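Take a look at the structure below.
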Amino acid sequence: MNDVPATAATDGPSYDFRTAEPRWQQAWDAAGCFRVADVPADGKPKYYVLEMFPYPSGKIHMGHVRNYTLGDVVARYKRARGYAVLHPMGWDAFGLPAENAARERGVHPAEWTRANIAAMRTELQRMGLSIDWSREFATCEPEYYGHQQKLFLDFLRAGLVERKESWVNWDPVDGTVLANEQVIDGRGWRSGATVEKRQLSQWFFRITEYAPELLAALDGLDRWPERVRTMQARWIGRSEGARVRFPLVAPLGTETPAEIEVFTTRPDTLFGMSFVALAPEHPVSAAVASGNPAATAFVAQCRSMGTSEAVIESAEKQGFDTGLRVGHPLMPGQTFPVWIANFVLMEYGTGAIFGCPAGDQRDLDFARKYGLDTPAVVLPPGEVAEGFVVGAHAYDGPGTMINSGFLDGLDTDAARRTAIEALERESAGTGVVNWRMRDWGVSRQRYWGCPIPVIHCAACGAVPVPDADLPVRLPEDVRFDQSGNPLDHHPTWKHVACPRCGGAAERETDTCDTFVDSSWYFTRFCSPGADVPVVRQAADQWLPVDQYIGGIEHAILHLLYSRFFMRGMQATGQVGVAEPFAGLFTQGMVTHESYKGADGRWLYPEEVERQPDGTARHVETQEPVTVGRIEAMSKSKRNTVDPAAIIARFGADTARWFILSDNPPDRDIEWTESGVAGASRFIQRAHRLAAGVARVPCPPSMPGVGSASMGPAAAALRRATHRAIAAVTEALETFAFNLAVARLYELASALGEAERVGAEDGLAWARHEAVATMARLLAPMAPHLAEEIGWMLDPGRTSLICDLPWPEADPDLLTVETVTLAVQVMGKLRATVALPPGAEAAAAYAAAEADPNVQRALEGRRVVKRIHVPDRIVNFVVAG
RNA sequence: GCGGGCGUGGUGAAAUGGUAGACACGCCAGACUUAGGAUCUGGUGGCGCAAGCCGUGGGGGUUCAAGUCCCUUCGCCCGCACCA
């Protein structure tokens, strides 16, 4: 069969993504390609792909484009590999920005949120994501948060929720509690008011119950980044040590404890004690302050100091001598002073420490400043006990105990154990494991959140809302024209009858931290329409999430809370597994140059044009522009590029292709005009190559590889095609999407070369095979183009590319005719030789030695050793 | 301070201990043209006419062979942090 000569590639229409992309999106939708059942019966293995769901701010940003493109590549690839793939999308729709919009623009949070969702849904759908949109939900709708209230009550009944007093950051102007992150230099981030510490009654999830398990199970999360596991482990913060009680020599009265309990990881150094230091918020500090203006002033001063990094760094150790003294359980008759110190944290341990200046630099600085003792107790290896004194630096390493009574002569570890035994014998302390993590306070004095389903009754206390009365709906008619929580100000909403006694009672007006909403949404996706939080069968089918993808910024809180929530849901029988996310991938950020105008204001990229000489000018004014750092896109720096504009101008496939190319997905990527243009050119080129092939009908039969009926160019193209299958598959399996892109560029180049060969036996068939394969390999990354190419090759087809199985490489075609071996002399490259694959060592040496360059390098030298790595390298080791 | 990561061409980056720089951007030269955000071809780590020499932040080591493994040092980035 004769091939029709290839026509020039430059004619014919260019790829019109503007019509093609919506066409294929509709085709996928009409065919229901990406829908799966809650409990499928098709026997396929399951794969649950999830990207962190977006907050509906109104527009998608490039971080979303990257996140959802990465997830879509995985979802489409796994689907082609024969998995039943669950790939849903929803909205993390509660939160403060909606309330701010209400205050600033008078639009109701619900209205604002729903409009944003509608706008963002359209933008996401234009990306051509393989999402089962029938599962979509928003956390702000009662159909979601009502079930969350049910979970809250289940957790309450299971003892995983409790109400307790706690210190909070209170913004007196906004009338609300602030998270630590919302307190900036001691002031509320919105109001600017000085934040007060208040003790409030709050609802807590008892996440500390699971601290040991949340820590231990990290080891099993072998498809999580090491970094994230380390961050979580540090957050949970397990440390072994002892609690030690020091009796007050003269107790302050019956209201105040008669002893001070400290936590220490170094009970071995108890004989090195020089003082006790209390946190300013410690009850004993408060008791001292109540009768002592100087102490009161000191405590107030500590409280006013910010907790920001810079402040801590520069803050000097400061203390206040209370005049109190404590006894020592292991040193009868001795007493030590009790100080209040600004460096002791109420949040960690017991809020009190014993100071051992010899073993802790902080304690040493403090002791030196206030003239306290600094007894040495640990002798570092190689030091002599006689005359050993504590110098400028505390020693916290291992050593031998001195000046420590019955511990003398023991090494540090043995002393630790012996000291704990002694403490326990004296009933003065006990060995304990201390955890840094604290319970999760979820009460927020906000309107736009999930109402906590509890009713406060003067007679019955906090009474759960009966299940039959769920959901507790947010009232729609609320006002945002005064500070504080609108739910509190509502004239009627909170006034209800007590479900237990029928008396007058009040609803809880606090709403849940929005982290609660995102702690179980992935379970809801398994059965989003159910009238219970989750259908157990559906949850068992899909969970855990096989691949979760999102930003590193959620490495701790969101992921830890979700891990806790799954355990709670397991304990209450909702789900069967404990870990929500079997695989986690944290993507890098999308960055861009930043620009500053002559007036010092940030400029958007579209306001700036680069000059040929590398400088930049304002598009309109032509004033010079300063090119700033390349950093994460952010509204404040205005270095953002709008995905909707990019998709309108270049198409979704171009945006997807660019965001996948160049950089590995876990690294930051710089968005550049030239990069996008390059991606766009490839999309057009691939289309053009396919069009050139589609113009010639595909011969019906496949010529045998290497047979006389197949020419060398055809054979080479077939090899390139099958190498591409193997290489792209490997790249997609390992999240090396940038390499998958590179391998497809190579396949396109091979097609281009074949195009120039002209007529050759078998080439037409090989070109069809190459293009058809390229379409399928492109499909996870540039799905619209893939469908378009598939359609061009076979306009009458009824199947979609996205429904085809993943191609398999023919092993016979992965072999090569010759391999190039590097020939080294003493490790230096001297030549390369071409040999058939699998050539024996003798043949390799012979070929190498025949090379003139090698001969010159070996001349006059004695070969003492020859190395042969098959198909790789020959190395001659010479003497002289 | 603690923890993690990263240093490779003009740029983004590749590289099971085995030819450093795949692929792309940019640049250079050429071809073509219905001048397009084209397309196609060739070239492009440095020095050198060449043979060749040098080259993965610096220094040392292991090895026939090191970007890769080990030690050390410098620089940058991210996270956490008065954690007892």
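Residue numbers begin at 1 in each chain, while the letters A, B, ... track the order of the sequences. It should be emphasised that the depicted structure is a prediction, and the values quoted were computed from it without experimental measurement.
When the nucleotides B:G52, B:C82, B:A84 are ranked by their closest atom to the side chain of A:Val344, B:A84 comes out on top. Distance from the side chain of A:Val877 is smallest for B:C64 among the nucleotides B:C64, B:A84, B:A38. The side chain of A:Arg227 lies closest to B:C78 when the candidates are B:C82, B:G26, B:C78. Here the side chain of A:Tyr745 is nearest to one of B:A24, B:G79, B:C25, namely B:A24. Distance from the side chain of A:Arg234 is smallest to B:G79 among B:G79, B:A51, B:G4.
Spacing between B:C70 and B:G17 at atom P, rounded to whole Å, works out to 12 Å. Taking the P atom of each, B:G57 and B:U63 are spaced 23 Å apart, rounded to whole Å. B:C53 and B:G37 are spaced 43 Å apart, taking the C1' atom of each and rounding to whole Å. Using atom C1' as the reference point in both B:C83 and B:U16, the two lie 43 Å apart (nearest Å). The P atoms of B:C49 and B:U56 are separated by 24 Å, rounded to the nearest whole Å. One C1' atom belongs to B:C32, the other to B:U41, and the distance between them is 11 Å to the nearest Å. The C1' atoms of B:G7 and B:G58 are separated by 12 Å, rounded to the nearest whole Å. When the P atom is compared between B:G75 and B:C82, the two are found 26 Å apart, to the nearest whole Å.
Nucleotide B:U8 forms no Watson-Crick or G-U wobble pair with any nucleotide shown, as no partner meets the under 3.5 Å limit on both distances. For B:C80, the paired nucleotide is B:G1, the pair qualifying as Watson-Crick or G-U wobble because both relevant distances are below 3.5 Å. If you check B:A15 for Watson-Crick or wobble pairing at under 3.5 angstrom, you find it has no partner at all. Using the Watson-Crick or G-U wobble rule with both distances under 3.5 Å, B:G52 pairs with B:C47. Across all strands shown, the partner of B:U39 is B:A31, judged by Watson-Crick or G-U wobble contacts whose two distances both fall under 3.5 Å.
Nearest-nucleotide positions on RNA chain B place A:Ala742 closer to the 5' end than the other of A:Ala742 and A:Lys828. With RNA chain B read from its 5' end, the first of the two nearest nucleotides for A:Gly351 and A:Arg629 is the one closest to A:Arg629.
Checked by atom type and distance alone, the side chain of A:Arg438 never pairs as donor or acceptor with a backbone atom of A:Thr208 at under 3.5 Å. The backbone N or O of A:Gly588 lies less than 3.5 Å from no partner atom in the side chain of A:Asp668, so there is not a single donor-acceptor pair. Judged by distance alone, the side chain of A:Lys317 and the main-chain N or O of A:Asn342 form no donor-acceptor pair under 3.5 Å.
At the heavy-atom level, A:Arg830 lies under 4.0 Å from the strands shown only through sugar-phosphate atoms. Within 4.0 Å (heavy atoms only), A:Asn853 reaches sugar-phosphate atoms of the nucleic acid but no base atom. Among the atoms of the strands shown, none is found under 4.0 Å from any heavy atom of A:Glu347.
Relative orientation of the A:Phe263 and A:Tyr348 rings is perpendicular, given thresholds of 30° and 60° on the angle between their planes. The aromatic rings of A:Phe343 and A:Phe366 lie perpendicular to each other, with more than 60° between the two planes, well past the 30° mark. Between A:Phe735 and A:Phe585, the ring-plane angle classifies as parallel under the 30° and 60° cut-offs.
With rounding to whole Å, A:Phe650 atom CZ is found 10 Å from B:A38 atom P. For the pair A:Arg681 CZ and B:G36 P, the computed distance is 16 Å after rounding to whole Å. Separating the CZ atom of A:Phe354 from the C1' atom of B:C82 is a distance of 17 Å, rounded to the nearest angstrom. To the nearest angstrom, C1' of B:G36 lies 16 Å from CG of A:Asp16. Here the P atom of nucleotide B:U39 and the CZ atom of A:Arg756 are 14 Å apart, to the nearest Å. Put simply, CZ on A:Arg266 is 11 Å from P on B:A84, counting in whole angstrom units. Look at CZ on A:Arg229: it is 19 Å from C1' on B:C80, rounded to the nearest Å. Atom pair A:Met589:CE and B:G79:P shows a separation of 8 Å (rounding to whole Å applied).
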>> I'd like to compare against my own output: the B/S/- annotation of nucleotides 66-71 of chain B with a strict under-4.0 Å heavy-atom distance to protein.
In response: ------
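Nearest approach of A:Asn875 to A:Gly827, heavy atoms of both residues: OD1-N, 3.1 Å. A pairwise comparison of heavy atoms in A:Asp373 and A:Pro357 identifies O-CG, 3.4 Å as the closest pair.
One finds no side-chain N or O of A:Arg362 lying less than 4.0 angstrom from the OP1 or OP2 phosphate oxygen of B:G1.
Judged by distance alone, with hydrogens and angles left aside, A:Gln361 brings no side-chain donor or acceptor close enough to the base of B:G1 to form a pair under 3.5 Å.
For the pair A:Arg866 and A:Tyr845, the cation-pi criterion (under 6.0 Å, within 45° of the ring axis) is fulfilled.
For the atom pair A:Ile630 CD1 and A:Asn639 CG, the distance stands at 10.0 Å (nearest 0.5 Å).
Glycosidic conformation at B:G21 (O4'-C1'-N9-C4 for purines, O4'-C1'-N1-C2 for pyrimidines): anti, more than 90° from 0.
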Which atom pairs link the protein and nucleotides 13-19 of chain B when you take only N or O atoms and keep those under 3.5 Å?
{"from": "B:A13", "atom 1": "OP1", "to": "A:Asn663", "atom 2": "ND2", "distance (Å)": "3.3"}
{"from": "B:A14", "atom 1": "OP1", "to": "A:Asn738", "atom 2": "ND2", "distance (Å)": "3.3"}
{"from": "B:U16", "atom 1": "O4", "to": "A:Arg872", "atom 2": "NE", "distance (Å)": "3.4"}

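The neighbour count for A:Arg227 CZ, taken as heavy atoms of other residues, nucleotides or ligands under 6.0 Å away, does not exceed 12.
Under a 4.0 Å N-O distance rule, the pair A:Glu859/A:Arg861 does not qualify as a salt bridge.
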